[in-house]
Amino acid sequence: MAPSEVFARRRARLQQSLSGPALVVSGFARPRNFRGNRYPFRAESHFLYLVGRSLEGAVLALSPGRAVLYAEPPDPIEALWSGPMPSLDALAKDLGLEVRPIAELVVDGPVALLPPQDRETASWLEELVERPVDAGGAELAGADAALADAIIELRLRHDEAAVAELREATRVTGLAHQAGMRATRAGVRECVVRAAMEAEIIGSGMTTSYGSIVTVHGEVLHNERHDGWLTDGDLLLADVGAETPGGWAGDVTRTWPVSGRMSGSQRAVYEVVESAQSAAIAAVRPGASFRDVHRTAARGLVRGLCELGVLLGDPDDLFARGAAALFFPHGVGHLLGLDVHDMEDLGDRAGYAPGRKRSTSPGERYLRLDRTLEPGMCVTIEPGFYRIPFILDEPRELGELASAIDRRALEQLSDVRGIRIEDDILVTPSGAEVLTAAIPKTVPEIESAMRA
Ligand code: GLY
Ligand code: MN
Ligand code: MN
């Protein structure tokens, strides 16, 4: 965990851009099926960024000249079930921050808020500030919008402590992927591989940063079922990331053959995706537009599919007509930080530079990031190839691109349902650093890791 000065520095920077008081809440644990059986508590990311501790039901009150943490004092009855909690004095010493009992928090004027992520926290806040608070709401105005913009300005470019956390998250994410490759064999279910991957994460004292995707149906983009059986001849797609105790996320996808060896068709498509990914990674540098990085990947994919004979026509013309989205309907990546899609709780406010808006085109409507890259930003680069029946068997989705697909060539790729390759990239002053470079990725690397 980073030292308290890191959080003090972040708070001070935020305070410099405040023109009035603001509250940053940690939130409450969410019930799983009844109040006593709850999901593990994780504080809201803005709170973690500024305080560094997952304290339930706490509020950081900031104004230009003062920072106070309001927290629950230790409860002896609760200690029976959950163990002793630090006194507020001990917490204050530890955090280098004024700490007061939450019961002393009163709001007697306008105060800026960020949208909390659940209704319970929103209702609690509504009573405190005596105005409506929208849970998960991204429509912000006035002082709330200014607070969101100020915090985005801080969290967009990672400081040294954040980068150290991201390195830890991506290191353990790498261990998980290598364990997954070793655990893969025909005749077991996807959950066996998931368990091997999450064991590395849990055994490293971390949690997963999102619901693990470990599936032979990689064409279902966020497939969270794990009950499928692995059969020789299948490709297994694993999109699994570790989250550090401080809350920082890794987000990596690898796709590998259940048998340990890719077929000719699998290898051919895999190398098309890999080459599109390499081109996109090479385009990541300060000053680059992330939309152009996306287009680099999409263009590379179209070119590769033309070479395989799956797409018919001139690659540039096909790209211009939106052919990439037939096989790669999502964006090439997103911001990564304390959230796997960093600051997506604020809608597109963080991902899209002021004045930029989501496109409605099939190839770019799911692009989560449209900013000019700057040193300190961390992004994922994750192109894929998917045979999605909902697109490829639907004349309405295909439109005039239907005649650009060679069905016989596509049929020859029937043992490829979904391939995604995802790495985490830190933008540096001179270019980019692939934080996940050590995770096997080329076909020989993957096949050798699976033999290990
Ligand atoms: N793991 C979700 C994503 O890659 O965006
Ligand atoms: Mn991702
Ligand atoms: Mn992912």
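Just so you know, ligand 1 is whichever comes first in the structure, and atom 1 is the first atom listed for that ligand. Reckoned from all heavy atoms, side chains included, excluding hydrogens, waters and symmetry mates.
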* Look at His334 and state whether any of its N, O or S atoms is less than 2.8 Å from the Mn ion (ligand 2). =>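 Looking at His334, which is the residue asked about, there is an N, O or S atom under 2.8 Å from the Mn ion (ligand 2).
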* Is it true that the side chains of Asp239 and Tyr210 contain a donor and an acceptor less than 3.5 Å apart? ->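 Yes.
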* To do: State, without any angle test, whether Thr244 and Glu165 hold a side-chain donor-acceptor pair at a distance under 3.5 Å.
  => yes
* Is Arg261 atom CZ crowded by more than 12 heavy atoms from other residues, nucleotides or ligands, each under 6.0 Å away? -> no
* Asked: Any salt bridge between Asp316 and Arg299, counting N to O under 4.0 Å?
  -> yes
* Under-4.0 Å salt bridge between Arg291 and Glu364 ->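 So Arg291 pairs with Glu364 through a salt bridge.
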* Asked: Can you tell me the angle formed at the Mn ion (ligand 3) by OE1 of Glu422 and OD1 of Asp251, to 10°?
  -> 90°
* Looking at His294 versus Phe328, is the centre-to-centre ring distance below 6.0 Å? -> yes
Under 3.5 Å: N or O atoms of ligand 1 paired with protein N or O:
from, atom 1, to, atom 2, distance (Å)
ligand 1, 1 (N), Asp239, OD1, 3.2
ligand 1, 1 (N), Asp239, OD2, 3.2
ligand 1, 1 (N), Asp251, OD1, 3.1
ligand 1, 4 (O), Asp239, OD2, 3.3
ligand 1, 4 (O), Asp251, OD1, 3.4
ligand 1, 4 (O), Asp251, OD2, 3.2
ligand 1, 4 (O), Glu382, OE1, 3.0
ligand 1, 4 (O), Glu382, OE2, 3.4
ligand 1, 4 (O), Glu422, OE1, 3.3
ligand 1, 4 (O), Glu422, OE2, 3.1
ligand 1, 5 (O), His334, NE2, 3.1
ligand 1, 5 (O), His341, NE2, 2.6

* Asked: Would you call the rings of Phe385 and Phe327 parallel, tilted or perpendicular if under 30° counts as parallel and over 60° as perpendicular?
  -> parallel
* To do: Could you confirm whether Asp239 has any N/O/S atom lying under 2.8 Å from the Mn ion (ligand 3)?
  => yes
* Quick one: report the N, O or S atom of Glu382 that is nearest to the Mn ion (ligand 2). =>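 In Glu382, the N, O or S atom with the shortest distance to the Mn ion (ligand 2) is OE2.
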* Does NZ or CZ of Arg10 fall inside the cone over Tyr49's six-membered ring, less than 6.0 Å from its centre and within 45° of the axis? -> yes
